[in-house]
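Following: one structure in structure tokens, then a few remarks.
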Amino acid sequence: MLLLSSTLATSLSYALAIFNQVPNPTIFLFNTLISSSLTAKYRHTHVAFSLYSRILTHTSLKPNNYTYPSLFKACGCHPWLQHGLALHTHVLKFLEPTSYDNFVQASLLNFYSKCGKVGVCRYLFDQISKPDLGSWNSILSAYAQNAGSLNGVSSNNVDDINLSLEVLFLFSDMQRSLIRPNEVTLVALISACADLGALSQGSWAYAYVLKNKMKLNRFVGTALIHMYANCGCLDLAYKVFDEMPERDTFCYNAMIRGYAIHGRGQEAIGLFEKMGNEGLVPDDVTIIVTMCACSHVGLVDEGCNYFESMADYGLEPKLEHYGCLIDLLGRAGQVKEAEERVRTMPMKPNAILWRSLLGAARVHGNLEIGEVALKHLIELEPETSGNYVLLSNMYASLNRWDDVRRMRKLMKDRQINKMPGSSIVEVDGAMHEFLIGDKTHPHTREIYLKVDEMSRKVQEYGHKPRTGEVLFDIEEEEREDALSYHSERLAIAFALIASASSLPIRIIKNLRVCGDCHASTKLISKIYEREIVVRDRNRFHHFKDGTCSCSDYW
DNA sequence: GTAGGGTTAG
């Protein structure tokens, strides 16, 4: 046994050879070997599963509570839904109820989380009679990770907001249960705040880290950088980055992304260089965020160079890298080159990529390519209303009203689920959500009076509403009204009424923006002498004194 | 003596 544990540290195959000579291996020995074959160093899943089947076929052996956690962990890494489901049935069949402990439950929960089954996770969590720190961390991470993961869908998803909010609620439940959080807990909490754009709660979490003398390790640090960058506080993000005792590729990626979403391309490139000087090697995410930074400020050649440099780092371009490349070329107006790249790329383009091309075609007025992109997009996502609206607005900008009507009819015929635009504004630490034409807020009357005042003032400044825009949920005859009462303007009006502070108005989530908003918000920032920060998908627009730092696409 | 929970991109 002693020989086996010492050899495990150096060679798994040698350890296996010794193990095979043991005449009657105990379940303890099997468990040790299974977990050893699944460390970060080895990850020999086939070895682990063949050992597990040997336990099952052995007449005198039975798996116990130490057997399952590492196996579930392995299933979660890939993730192997079918294997995990089979294991779950084994747990129910072979384990004594007393062996079904917090470790088994947490690993099972974590496996379902990796497969995106948050509902199952919640069910499992509610079954745990006395959740310990590990159980709480598992459920918090399950919600936080599934809110953050895109799975090919837009990150500006209403369900994501609910999942992230649930992390905040669960955290307060955890505190009531008197279990003390650790760094892992805080990472989940901070990630949820990042997703929500919840600056006050996120800052509170950072204060909690400091007050409780927790470590600013690379996980906590990276989550904080991400949170501050997502809340529009790039300087605070950099402060955390600067103060971290150890920096790895992950935290560099988070900081470069921060610069990217704020349109600070040069700083992002500077950090890429600094990373190399510190002896850190870029990974495929580094390339994505750096290319993204280039595309936001029109550094086309630099962005293309990063794409080409991947081979130097031993990296193979993935679909996401092609996505960045198309975005880079498309935003810069090289729509034909972008389309050429889409046609010649080695893998099948996904919806994100076609949408990027469609967006570029719309901005740069290339109707032909726009129509081609839309055709593919509708094949891939026939029920996403935003795709139809993108093209429809393109027709509107070219005064092709017959086509606009045709698109609207197509949406109606296909019974496309309309997703209303929504905006969430943070006022004094609380979040308020508004939908287009929303009349549910308790201060609706005052808000609408303020919006009318705003509309009058922007029109006095010469702003003309873009009546051709297709708006969700709104019939043609109501469209002009809808433009005045779109969610962004309602949110700004509420912030102007509710907070006299001179701090910027923070719109922390903006779902489905119409093109009219941008121009009117610029004027509002000037007229009301208030800075307005709008987080639109994964991008920030800083409106100040009639200008906006991010002008592409609109 | 064996086991679970964490960061980044689109």
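Since the model is a prediction, treat every value here as computed from it, not as a measurement. Numbered from 1 within each chain, the chains take letters A, B, ... in sequence-line order.
- A donor N or O paired with an acceptor N or O is not found under 3.5 Å between the base of B:dG10 and the side-chain atoms of A:Asp327.
- Although no hydrogens or angles enter the test, the distance criterion places a donor-acceptor pair under 3.5 Å between the side chain of A:Asp101 and the main chain of A:Val104.
- Within the nucleic acid shown, A:Ser135 comes within 4.0 Å of at least one base atom, counting heavy atoms only.
- Rounded to whole angstrom, the span from the CG atom of A:Asn146 across to the P atom of B:dT7 amounts to 11 Å.
- Stacking between A:Phe103 and the base of B:dA3 is present: ring centres sit under 5.5 Å apart and the planes differ by under 30 degrees.
- Within 4.0 Å (heavy atoms only), A:Asn350 reaches no atom of the nucleic acid at all.
- Contact check on A:Lys239 versus A:Asp242 returns no salt bridge, with no Lys/Arg side-chain nitrogen under 4.0 Å from an Asp/Glu carboxylate oxygen.
- A:Ile179 places its CD1 atom 15 Å from the C1' atom of B:dG4, with the value rounded to the nearest Å.
- No engagement by A:Asp284 is indicated, since no non-hydrogen atom pair under 4.0 Å with the nucleic acid exists.
- Atom CZ of A:Phe219 and atom C1' of B:dT8 are 12 Å apart (whole Å).
- Contact annotation: A:Gln145 reaches the phosphate of B:dT7 (side-chain N/O to OP1 or OP2, under 4.0 Å).
- Under a cut-off of 6.0 angstrom, the local environment of CG in A:Asp235 is crowded, with over 12 non-hydrogen atoms contributed by other residues, nucleotides or ligands.
- Taking the ring axis of A:Tyr322 as reference, the NZ or CZ atom of A:Arg341 does not stay both within 45° of it and closer than 6.0 Å to the ring centre.
- Of the listed nucleotides (B:dA3, B:dT2, B:dA9), B:dA9 has the atom at the smallest distance from the side chain of A:Arg257.
- Residue A:Asn31 contributes atom CG, which lies 11 Å from atom P of B:dG4 at whole-angstrom precision.
- Base contact: A:Leu133 has a heavy atom under 4.0 Å from a base atom.
- Between B:dT7 and A:His226, no contact under 4.0 Å exists linking OP1 or OP2 to a side-chain N or O.
- Between A:Tyr322 atom OH and B:dG10 atom C1' the separation is 16 Å, expressed in whole Å.
- Look at A:Lys114 and you'll find a side-chain N or O under 4.0 angstrom from OP1 or OP2 of B:dG6.
- Distance A:Tyr66 OH to B:dT2 P: 8 Å, rounded to the nearest Å.
- For the pair A:Ile27 CD1 and B:dT2 P, the computed distance is 15 Å after rounding to whole Å.
- Contact check, A:Ser35 against B:dA3: a side-chain N or O comes under 4.0 Å of OP1 or OP2.
- Within the nucleic acid shown, A:Gly134 comes within 4.0 Å of at least one base atom, counting heavy atoms only.
- The residue A:Asn64 sits apart from the nucleic acid: no heavy atom pair falls under 4.0 Å.
- When the P atom of B:dT2 is taken as reference, atom CG of A:Leu71 falls 17 Å away, rounded to whole Å.
- Under the 30°/60° scheme for interplanar angles, the aromatic rings of A:His78 and A:Trp80 are found to lie parallel.
- Here the rule is ring-ring contact (aromatic ring centres under 6.0 Å, His included) with A:His90, and of A:Phe72, A:Tyr68, A:Tyr52 only A:Tyr52 fits it.
- Among the nucleotides B:dG6, B:dG4, B:dT2, the one closest to the side chain of A:Val184 is B:dG6.
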